[in-house]
Amino acid sequence: TILKKSKTKTQAIFKHSTRCGISRMVMNQFVSAYDLNLNIDLYYLDLLNYRETSNEVGFKFQVMHQSPQLLIIKNGVVVAHASHGAINEMGLNKFI
């Protein structure tokens, strides 16, 4: 679904480990700074409860797994990805 939707609208997947303090800190910073008016579909992926889905995302989009991690998908491919503190420095506006 994300792959198909990325043909017409930017998609983003935030991968988060619920047991990791760093992942929680980065996610909280990301959420507090996130602009709800961005024309991006944002998905949250709980790595512990959906490990197989996380593995498939990495395989499908050819991005090595990290946590936390943000993937930006346009036209069926990952156009950018970041992990840890670099997530909050991405500037999502440039991917719309």
Side-chain angles (χ1 to χ4, degrees):
T1 300
I2 292 172
L3 183 66
K4 184 177 180 181
K5 289 175 80 175
S6 76
K7 305 285 184 179
T8 57
K9 186 177 182 183
T10 302
Q11 306 292 297
I13 302 171
F14 191 101
K15 295 168 62 179
H16 169 60
S17 172
T18 57
R19 287 190 200 144
C20 175
I22 293 171
S23 188
R24 183 174 29 261
M25 179 187 70
V26 170
M27 185 183 73
N28 288 341
Q29 291 169 343
F30 178 81
V31 168
S32 66
Y34 186 78
D35 180 356
L36 292 173
N37 295 314
L38 283 176
N39 191 26
I40 292 176
D41 289 337
L42 177 61
Y43 299 87
Y44 167 83
L45 179 53
D46 177 336
L47 299 175
L48 299 178
N49 287 318
Y50 297 96
R51 188 58 162 175
E52 288 181 28
T53 301
S54 175
N55 291 340
E56 181 62 25
V57 166
F59 176 76
K60 183 77 159 178
F61 295 110
Q62 295 296 295
V63 176
M64 187 172 79
H65 166 75
Q66 294 187 53
S67 170
Q69 186 174 45
L70 181 67
L71 291 88
I72 308 298
I73 303 147
K74 287 183 79 166
N75 297 315
V77 297
V78 171
V79 295
H81 62 90
S83 66
H84 297 83
I87 289 172
N88 293 313
E89 299 170 5
M90 284 186 79
L92 297 178
N93 286 323
K94 64 186 170 194
F95 301 109
I96 297 175

Handout entry: Ile22 atom CD1, over 12 foreign heavy atoms within 6.0 Å
Key = no
Practice task
Give a yes or no on whether the backbone of Gly85 and the side-chain of Gln29 come within a donor-acceptor separation of less than 3.5 Å.
Solution key: no
Problem - His84 side chain vs Ser67 backbone, donor-acceptor pair below 3.5 Å - result: yes
Handout entry: side chain to side chain contact (heavy atoms under 4.5 Å, CB included) between His65 and Arg51, intermediate numbers included
Key = CA-CA 11 Å; His65 166 75; Arg51 188 58 162 175; 3.3 Å; yes
Problem - Side-chain touch Asn88/Leu70, heavy atoms, less than 4.5 angstrom - result: no
Handout entry: Common cluster, Leu42/Val57, ILVMFWY with side-chain heavy-atom separation under 4.5 Å
Key = no
Exercise for the section: Using atom types as modelled and distance alone, determine if a side-chain donor or acceptor of Ser54 lies under 3.5 Å from a backbone N or O of Tyr50. Expected result: no
Problem - Gln62, CD: over 12 other non-hydrogen atoms inside 6.0 angstrom - result: yes
Practice task
Report the distance from atom CG of Leu71 to atom OG of Ser6, rounding to the nearest 0.5 Å.
Solution key: 12.0 Å
Completion exercise
Heavy-atom closest pair (His81 atom, Met90 atom, distance to 0.1 Å) is N-CE, 4.1 Å
Handout entry: Pairs touching residues 2-21 that satisfy ring-ring contact (aromatic ring centres under 6.0 Å, His included), sequence neighbours left out
Key = Phe14-Phe30, His16-Tyr44
Problem - Whether Thr10 side chain and Lys74 backbone form a donor-acceptor pair below 3.5 Å - result: no
Handout entry: Pairwise distance CD1(Ile13) to OH(Tyr43) - rounded to 0.5 angstrom
Key = 8.0 Å
Exercise for the section: Report whether Met27 and Leu48 are members of the same hydrophobic cluster (ILVMFWY, side-chain heavy atoms less than 4.5 Å apart, transitive linking). Expected result: no
Exercise for the section: Could you tell me whether a side-chain N or O of Ser23 sits under 3.5 Å from a main-chain N or O of Cys20, the two making a donor and an acceptor? Expected result: no
Problem - Side chain to side chain, Lys15 and Asp46, heavy atoms closer than 4.5 Å - result: no
Exercise for the section: May I ask you to test the Thr1-Leu3 pair for a side-chain heavy-atom distance under 4.5 Å? Expected result: no
Handout entry: Co-membership, hydrophobic cluster, residues Phe61 and Ile72, 4.5 Å side-chain
Key = no
Practice task
Using the side chain to side chain contact (heavy atoms under 4.5 Å, CB included) rule, pick out the option among Ile40, Val78, Asp41, Val63 that qualifies with Ile73.
Solution key: Val78
Practice task
Carefully, step by step, assess Lys9 and Asn39 under the rule side chain to side chain contact (heavy atoms under 4.5 Å, CB included).
Solution key: CA-CA 7 Å; Lys9 186 177 182 183; Asn39 191 26; 3.0 Å; yes
Exercise for the section: Apply side chain to side chain contact (heavy atoms under 4.5 Å, CB included) to Val77 and Val79, showing your working. Expected result: CA-CA 6 Å; Val77 297; Val79 295; 4.2 Å; yes
Fill in the blank from the handout: Distance col, row Glu52:CD vs Leu47:CG, nearest 0.5 angstrom, shows 13.0 Å
Problem - Path from Ile87 to Ile96 over hydrophobic side-chain contacts below 4.5 Å - result: yes
